[in-house]
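The next block holds one structure in the form of structure tokens; read it before the comments.
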Amino acid sequence: MSKAHAINPSKAVVHRWSQTLIPTTREAPSDAVMPSHIFMTRAGYIRPVGSGIYNYLPLAWRSLQKISTIIREELDAAGASEMLMPALMPMELYENTKRDQDYGDLLFQLEDRAGRRTALGPTHEEVITDLMCGCLTSYKQFPLNLYQIQTKFRDEARPRAGLLRCREFIMKDAYSFHLELDGEAGLNHTYDKMYQAYTNIFTRCGLDFSPVEAEAGPIGGSASHEFMVNCENGEDTILVCPVSGYAANVEKAEIGDRPFDWDQSPTDEVVKHHTPNMPGIELVAEHLGTNAAGMLKTLVMRTVEAEPKWVLAVLRGDHEGNEAKVRDAVGTAVAMADEKEALEAGFAIGYVSPMMLDKLDLKMVIDPDALNSQSWATGADEKDHHITGFNWSRDLPSAKDKAIVADIRNAEAGDPSPRASGASLEAKRGIEVGHIFKLGTKYSEAMGLNVLNKDQKNQPAIMGCYGIGVSRTLASCIESSHDDNGIIMPAAIAPYHVHIVTIKPNEDGVLDHAFELANELAANGLDVLVDDRNERPGPKFKDADLIGLPLRIIVSSKTIEANQVEFKKRTDEGKAQMVARSEIVSSCRNAI
RNA sequence: CAGGGUGUAGCUCAGCUUGGUAGAGCGUCUGGUUUGGGACCAGAAGGUCGCAGGUUCAAAUCCUGUCUCCCUGACCA
């Protein structure tokens, strides 16, 4: 499949190095850290304009176009239609969905000359839902799946790593509309098709990736997947079960059964300690003669509802709480409590213990790992004080009846797998390049996208949304495919398939032979870059390694005389091999 | 947002401690010798030292303010 799509005879090009812009540099920019950032800059793919803002030079742009073409082919095949929405959008669109608050500073905002508040689009749920309010009037128009490839704007708190996290980037976003979940026209069907389309896209791009379950939001079920490029330098952590193949991001990953025991007999008396000026659980633990794993951490949360209730989440001190899991355990959405309100309610923030259960009306959820010790250090419910020797059965017997025990923390490497007993989860790093999501009716309800269904009843549309970071895909590809000398581009998204290096192009016939060959390759559907510069061979070879085109052909007076060319894949070690002139086109075609 | 760093030639950097006419390497241009893994010789162009104030006879250098960019973290599609 990938071969057929990588080659398109009607569009193949021959470009000259001397007539395009490929400003390679010998030295890396001092501030670049990630390989993709370093090599894309050195190889003349990108140049910075400002923080998180980049020029895409011809090489990068050609790659991005190739990625876009693959995306278009796969999405069109999946039944989606391309369109284009504006980057500029009135802020009023955000008022109904409250995303101006959700997004906060991430949203680029500006005022036009008339003082109208305007935003640069970070994503387009509002715009397309608003559009559909005027367009979708009958159930007969469903299902519908629309996408665009467009520049997005997000005022990231900290742009970094070149194209991997920037403030202006290229994204493909798609939105589907349905009136039911199941069946041919249902959200689930389209979601599955998009999942398959994404798998095809990233496979064709030559990426080593993993689809992983992601936090699904209010609709429940496994309604969201992230597509992660496997890469040690990635920002995100995913957890994988090597036995069952289960994979999920750190927020979503379930943890297999963990035994726990309420009735551990006490070993120590409860002792109160003065612990002032100790920011961080590590310091406190050290002072109390234990470590973070010997402490209980009590998070004060509130339910998100008309009359919020207090929720205490109790974890082992070295574990990280997970709001979504607490939400699932409690049955209502929760958020970390406002510190002021919590203090006023009587919580000694920073020194809260589980024993607040008997003092206030609240719900308590306990992680199993927080029940497996006879003696805990924890807060004293009093500023600047902690206690040691806490024992659940002696000091808080009511918890056994009143509290819920549930998995409420982020999974870690080594935790039991939720899908294979005896297996342990492994942690891997990745770069998120795609995310598909069952939105449900969040936006249609907020913005009034209602349609008469077959039964003549008004019904909010059910939506899905599907994103791919196009520019990030390019960067993550380079991040995971390079060597010491430069980029190693997969053929499908390389700016050109073949790099013809001329040696002494001024000598008789060398350039002519190079272009004759280039045209022949192009006629066979291969994009060709001819390095026609009158440089010495050294720099030209170095540049060829750097920009990383998959195939290299060397043309010199020597090769012409022998009626051969030299041929080398970017991935080959050592010397090029001699190939008969008559064989080279098929060699190239076979090699990609 | 917190902490740390940074800004001098197209790029990578030195010079700042101790104030006194702006430096190197790479790149670029000219001429010549060269041509299979970042050549050599000779010459040249290129910088209001981030910006604004201040101190001083004199500021890249000292002081104040401000901005930029980067890194770590927090936050977050």
Side-chain angles (χ1 to χ4, degrees), chain A residues 21 23-34 37-38 41-44 47-54 99 101-108 121-125 152-162 164-173 214-215 217 224-228 235-236 249-251 279-280 320 323 335-336 431-437 439 465-472 484-486 501-507 510 531 533-547 552-559 565-566 568 573-576 578:
Chain A
L21 178 65
T24 57
T25 66
R26 189 193 293 231
E27 282 167 294
S30 58
D31 48 21
V33 173
M34 305 277 279
H37 188 192
I38 291 170
T41 308
R42 281 193 57 204
R47 280 292 130 98
V49 178
S51 176
I53 312 172
Y54 289 89
R99 279 224 294 183
Q101 286 154 44
D102 288 355
Y103 260 102
D105 290 338
L106 209 57
L107 195 64
F108 268 109
T123 172
H124 279 66
E125 282 84 0
K152 295 282 192 274
F153 300 86
R154 292 182 192 172
D155 196 359
E156 290 284 347
R158 190 151 96 76
R160 71 185 101 186
L164 284 175
R165 180 171 292 276
C166 35
R167 301 196 295 168
E168 174 177 334
F169 58 100
I170 301 174
M171 179 175 178
K172 186 285 302 176
D173 46 328
E215 177 45 40
S224 180
H225 287 85
E226 291 173 341
F227 289 78
M228 311 285 301
E235 277 189 315
D236 300 310
N249 71 15
V250 73
E251 288 81 28
E320 209 173 315
E323 278 182 24
M336 288 301 291
I431 301 167
E432 180 193 345
V433 290
H435 196 169
I436 58 178
F437 209 104
L439 281 179
C465 74
Y466 317 88
I468 291 178
V470 179
S471 41
R472 185 185 274 185
D484 290 346
N485 297 317
V501 178
T502 60
I503 306 291
K504 295 189 220 172
N506 287 338
E507 285 192 356
V510 169
D531 190 347
R533 292 175 300 170
N534 191 21
E535 292 283 342
R536 297 167 58 86
K540 291 167 94 168
F541 291 138
K542 289 287 186 190
D543 279 345
D545 287 340
L546 200 51
I547 72 173
R552 181 184 313 174
I553 291 172
I554 301 167
V555 175
S556 68
S557 53
K558 260 189 279 178
T559 67
V565 294
E566 288 173 60
K568 187 181 174 184
E573 300 283 335
K575 284 211 155 186
M578 298 300 290

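Sequence lines set the chain letters: A, B, ... in the order given, protein chains first and strands last, and positions in each chain run from 1.
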- Query: With sequence neighbours excluded, what pairs up with A:E168 under the salt bridge (Lys or Arg N to Asp or Glu O under 4.0 Å) test?
  - Reply: none

- Find the distance A:N534:CG to B:rG36:C1' and express it as a whole number of Å. 15 Å

- Per nearest nucleotide of RNA chain B, the residue lying toward the 5' end, A:S556 or A:S51, is A:S556

- Is there a Watson-Crick or G-U wobble partner for B:rA2 with both distances under 3.5 Å, and which nucleotide is it? B:rU72

- Can a side chain N or O of A:R158 be found less than 4.0 Å away from OP1 or OP2 on B:rC71? yes

- Regarding the side chain of A:K542, the nearest nucleotide among B:rG36, B:rG38, B:rU72 is B:rG38

- When rounded to the nearest Å, what value does the distance between P atoms of B:rG38 and B:rU28 take? 16 Å

- Item | N/O donor-acceptor pair, side chain A:R533 with base B:rG38, under 3.5 angstrom | no

- Task: Kindly point out which of B:rG36, B:rC71, B:rC76 is positioned nearest to the side chain of A:E156?
- Result: B:rC76

- Task: Would you indicate which nucleotide in B:rC71, B:rG36, B:rC76 comes nearest to any side-chain atom of A:L106?
- Result: B:rC76

- Message: When the P atoms of B:rA52 and B:rC13 are compared, how many Å lie between them, rounded to an integer?
- Response: 25 Å

- Is there side-chain contact between A:F541 and A:D531, with heavy atoms separated by less than 4.5 Å? no

- Query: Touch check for A:K558, heavy atoms < 4.0 angstrom, all strands: base, sugar-phosphate only, or nothing?
  - Reply: base

- Heavy-atom check, side chain of A:N534 versus side chain of A:N506, under 4.5 Å: yes

- Query: Between A:R536 (CZ) and B:rG27 (C1'), how many Å, whole number?
  - Reply: 16 Å

- Item | B:rC49 versus B:rC16 - spacing of their C1' atoms, nearest Å | 11 Å

- Residue A:I554, side-chain heavy atoms: nucleotide from B:rC75, B:rC26, B:rG36 that is nearest: B:rG36

- Out of B:rA39, B:rC76, B:rG36, which nucleotide sits closest to the side chain of A:T559? B:rG36

- Note on the structure: From CD of A:E235 across to C1' of B:rC76 the rounded distance in Å is 10 Å

- Query: Which whole-number value in Å describes the distance from A:M171 CE to B:rC76 C1'?
  - Reply: 14 Å

- Query: Rounded to the Å, how far apart are A:R47 CZ and B:rC69 P?
  - Reply: 18 Å

Atom pairs, protein N/O to nucleotides 40-44 of chain B N/O, distance under 3.5 Å:
none

- Query: Now, which nucleotide makes the Watson-Crick or G-U wobble pair with B:rA39, with each of the two distances under 3.5 Å?
  - Reply: B:rU33

- Task: Between B:rU48 and B:rA9, how far apart are the P atoms? Round to whole Å, please.
- Result: 9 Å

- Query: Expressed in angstrom and rounded to an integer, what is the separation of A:D543 atom CG from B:rC26 atom P?
  - Reply: 17 Å

- Paired with B:rA58 by Watson-Crick or G-U wobble geometry, both distances under 3.5 Å: which nucleotide is it? none

- Task: Sticking with atom C1', work out how far B:rA2 lies from B:rG10, rounded to a whole angstrom.
- Result: 36 Å

- Task: Just jot down the ring-ring contact (aromatic ring centres under 6.0 Å, His included) partners of A:F227, sequence neighbours excluded, or say none.
- Result: A:Y195, A:Y198, A:F202

- Task: Let me know the distance between CG of A:L546 and P of B:rC11, rounded to the nearest Å.
- Result: 17 Å

- Test side chain to side chain contact (heavy atoms under 4.5 Å, CB included) applied to A:D173 - qualifying residues, sequence neighbours left out: A:H124, A:Q148, A:K152, A:M171, A:Y175

- Query: Is the backbone N or O of A:T25 less than 3.5 Å from a side-chain atom of A:R42, with the two atoms forming a donor-acceptor pair by type?
  - Reply: yes

- Message: Would you measure the distance from the P atom in B:rU17 across to the matching atom in B:rU61 and give it in whole Å?
- Response: 10 Å

- Item | Residue pair A:R160 / A:L164, side-chain heavy-atom distance below 4.5 Å | no

- Item | Backbone of A:E235 reached by a side-chain donor or acceptor of A:R165 within 3.5 Å | no

- Nearest-nucleotide check on RNA chain B, A:R472 vs A:R552; residue mapping nearer the 5' end is A:R552

- Query: With a 4.0 Å cut-off on heavy atoms, is A:E226 in touch with a base, just the backbone sugar-phosphate, or nothing at all?
  - Reply: base

- Close side-chain approach of A:K540 to A:I503, heavy-atom, < 4.5 Å: no

- Are the side chains of A:T41 and A:R47 in touch, meaning some heavy atoms are under 4.5 Å apart? yes

- A:M34 has an atom CE; how far is it from atom P of B:rC70, in whole Å? 14 Å

- Query: Within the modelled atom types, does a donor on one side and an acceptor on the other bring the side chain of A:E535 and the base of B:rG38 under 3.5 Å apart?
  - Reply: no

- P-based separation of B:rG50 from B:rA59 [nearest Å]: 15 Å

- Message: Does the structure show a Watson-Crick or G-U wobble partner for B:rC11, both distances under 3.5 Å? Name it, or say none.
- Response: B:rG25

- Could you work out which one of B:rG27, B:rA39, B:rG36 sits closest to the side chain of A:I503? B:rG36

- Query: If the P atom of B:rG4 is compared with that of B:rC11, how far apart are they to the nearest Å?
  - Reply: 28 Å

- Message: Any heavy-atom pair between the side chains of A:D543 and A:R533 that's under 4.5 Å?
- Response: yes

Between protein and nucleotides 12-16 of chain B, what N or O pairs are separated by less than 3.5 Å?
{"unit_1": "B:rU12", "atom_1": "OP1", "unit_2": "A:S30", "atom_2": "N", "d": "3.4"}
{"unit_1": "B:rU12", "atom_1": "O2'", "unit_2": "A:E27", "atom_2": "OE2", "d": "3.2"}
{"unit_1": "B:rC13", "atom_1": "OP2", "unit_2": "A:S30", "atom_2": "OG", "d": "3.0"}

- Could you pull out all residues at least two apart from A:E507 that satisfy salt bridge (Lys or Arg N to Asp or Glu O under 4.0 Å)? A:K504

